[in-house]
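These notes concern the structure reproduced below.
Numbers for residues simply follow the sequence, beginning at 1.
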Amino acid sequence: MSDQPINMSRSGPPETVLPSLDVTLRHELAQAEQSATEVRRSTIAALAARFPTCLQAWAALGRASTPGIEAYMPFRIGYHRGLDQLRGSGWRGSGFVRWQHDSNRGFLECLEGLAVNARLIGEESEAVRCEQFLIQLDPRGRS
């Protein structure tokens, strides 16, 4: 448990915004996502391997994967790496992480993809937990 207080305001729980993605990495990821269908997944996977803390790369890899266990794996990795990044950015297990901030979307997409694919592989309780967590992080949902 942390010794540091959680700052509350009259506007509600605190909000965490993850750091922005490097412009060069954003460009490389966009190119990988636009690569030919037959090499798209492997191209994105290579990028995720080179930049394993890039949540947007894990989300893109999940989207480029076959739904089910293949997509579940990169979404789960991105989710756990995202929790580490949120904690490193001051998040203490509560408060908002909103879709409106582009830098938060990699994490939120991984959490959303994890929910969908957990359900596809029969992990219903995990799917429900992820869906509830998404609502807690941003009750307004995608903006």
Side-chain angles (χ1 to χ4, degrees), residues 1-35 37 39-121 123-143:
M1 189 137 246
S2 174
D3 296 343
Q4 299 190 355
I6 295 175
N7 296 318
M8 298 293 282
S9 70
R10 292 177 192 243
S11 62
E15 183 171 345
T16 303
V17 179
L18 292 169
S20 295
L21 190 61
D22 174 77
V23 174
T24 304
L25 181 52
R26 180 184 301 276
H27 178 72
E28 281 189 60
L29 182 56
Q31 286 185 315
E33 289 182 289
Q34 294 171 10
S35 60
T37 305
V39 296
R40 184 173 301 135
R41 186 177 188 282
S42 62
T43 303
I44 296 169
L47 190 65
R50 282 183 34 228
F51 301 99
T53 60
C54 179
L55 305 179
Q56 292 83 343
W58 291 111
L61 184 56
R63 289 190 306 271
S65 298
T66 302
I69 194 69
E70 185 179 296
Y72 175 89
M73 292 183 291
F75 283 132
R76 187 159 181 80
I77 292 167
Y79 164 71
H80 282 284
R81 291 206 173 253
L83 288 175
D84 292 342
Q85 288 183 30
L86 283 170
R87 289 181 191 111
S89 295
W91 184 77
R92 294 195 184 98
S94 65
F96 298 123
V97 179
R98 297 194 188 275
W99 285 99
Q100 71 188 38
H101 302 289
D102 187 52
S103 58
N104 288 345
R105 290 186 190 145
F107 172 72
L108 294 169
E109 288 174 1
C110 284
L111 179 55
E112 183 179 59
L114 182 58
V116 168
N117 288 281
R119 182 163 280 119
L120 289 174
I121 64 170
E123 288 285 342
E124 187 65 28
S125 62
E126 183 175 31
V128 170
R129 278 192 311 272
C130 291
E131 291 163 351
Q132 290 172 343
F133 193 22
L134 275 169
I135 292 167
Q136 291 168 353
L137 293 173
D138 191 348
R140 293 180 292 199
R142 286 183 183 255
S143 301

Item checked: Y72 side chain near L114 side chain, heavy-atom distance below 4.5 Å ->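 Yes, their side chains come closer than 4.5 Å.
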Note to self: Is there a side-chain contact between P19 and S103 in this structure, where contact means two heavy atoms from C-beta onward sitting under 4.5 Å apart?
What the structure shows: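 Result no, sub-4.5 Å side-chain heavy-atom pair not found.
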Over all atoms of both residues, closest heavy-atom pair of [X] and [Y]:
| X | Y | answer |
| --- | --- | --- |
| G78 | L55 | O-CD2, 3.4 Å |
| P14 | S94 | CG-O, 4.4 Å |
| A59 | E109 | CB-OE1, 3.6 Å |
| V39 | T43 | O-OG1, 2.7 Å |
| G62 | A71 | O-CB, 3.6 Å |
| C130 | A115 | CB-CB, 3.5 Å |

About how many Å separate [atom2] of [Y] and [atom1] of [X], when rounded to the nearest 0.5 Å?
| X | Y | atom1 | atom2 | value |
| --- | --- | --- | --- | --- |
| Q34 | Q31 | CD | CD | 7.5 Å |
| L21 | Q56 | CG | CD | 4.5 Å |
| I69 | I121 | CD1 | CD1 | 4.0 Å |
| N117 | C110 | CG | SG | 11.0 Å |
| L29 | F51 | CG | CZ | 10.5 Å |
| L18 | H101 | CG | NE2 | 10.0 Å |

If the threshold is 4.0 Å, N to carboxylate O, is there a salt bridge linking [X] and [Y]?
| X | Y | answer |
| --- | --- | --- |
| R98 | E15 | yes |
| R105 | D102 | yes |
| E126 | R76 | yes |

Got a donor-acceptor contact below 3.5 angstrom from the [X] side chain to the [Y] backbone?
| X | Y | value |
| --- | --- | --- |
| E70 | T66 | yes |
| Q85 | T53 | yes |
| R40 | S35 | yes |
| W58 | P52 | yes |
| N104 | V97 | no |

Next item on the list: Start with the C-alpha gap between V128 and R119, add the side-chain angles, then the distance that decides, and say whether side-chain contact (heavy atoms from CB on, under 4.5 Å) holds.
Entry: CA-CA 8 Å; V128 170; R119 182 163 280 119; 3.8 Å; yes
Checklist line | H80, NE2 atom: more than 12 neighbouring heavy atoms under 6.0 Å | finding: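 Result for NE2/H80: enclosed.
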Margin query: Taking side chain to side chain contact (heavy atoms under 4.5 Å, CB included) as the criterion, tell me which of F107, W99, F75 meets it with E112.
Written below: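 Going through F107, W99, F75 one by one, the side chain to side chain contact (heavy atoms under 4.5 Å, CB included) with E112 is satisfied by W99 alone.
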Margin query: Applying side-chain contact (heavy atoms from CB on, under 4.5 Å) to R50 and E28, what does each step give before you reach the verdict?
Written below: CA-CA 11 Å; R50 282 183 34 228; E28 281 189 60; 2.9 Å; yes
Next item on the list: Walk me through it: do L86 and S89 pass the test side-chain contact (heavy atoms from CB on, under 4.5 Å)?
Entry: CA-CA 5 Å; L86 283 170; S89 295; 5.6 Å; no
Next item on the list: Classify the ring geometry between F133 and Y79 as parallel (under 30°), tilted (30 to 60°) or perpendicular (over 60°).
Entry: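 Answer is perpendicular, since the angle exceeds 60°.
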Checklist line | Criterion side-chain contact (heavy atoms from CB on, under 4.5 Å) on W91 and L137, from CA distance to verdict | finding: CA-CA 11 Å; W91 184 77; L137 293 173; 4.2 Å; yes
Next item on the list: Give the C-alpha distance, both sets of side-chain angles, the deciding distance and a yes or no for salt bridge (charged side-chain N to carboxylate O under 4.0 Å, His left out) between D84 and R87.
Entry: CA-CA 5 Å; D84 292 342; R87 289 181 191 111; 3.6 Å; yes
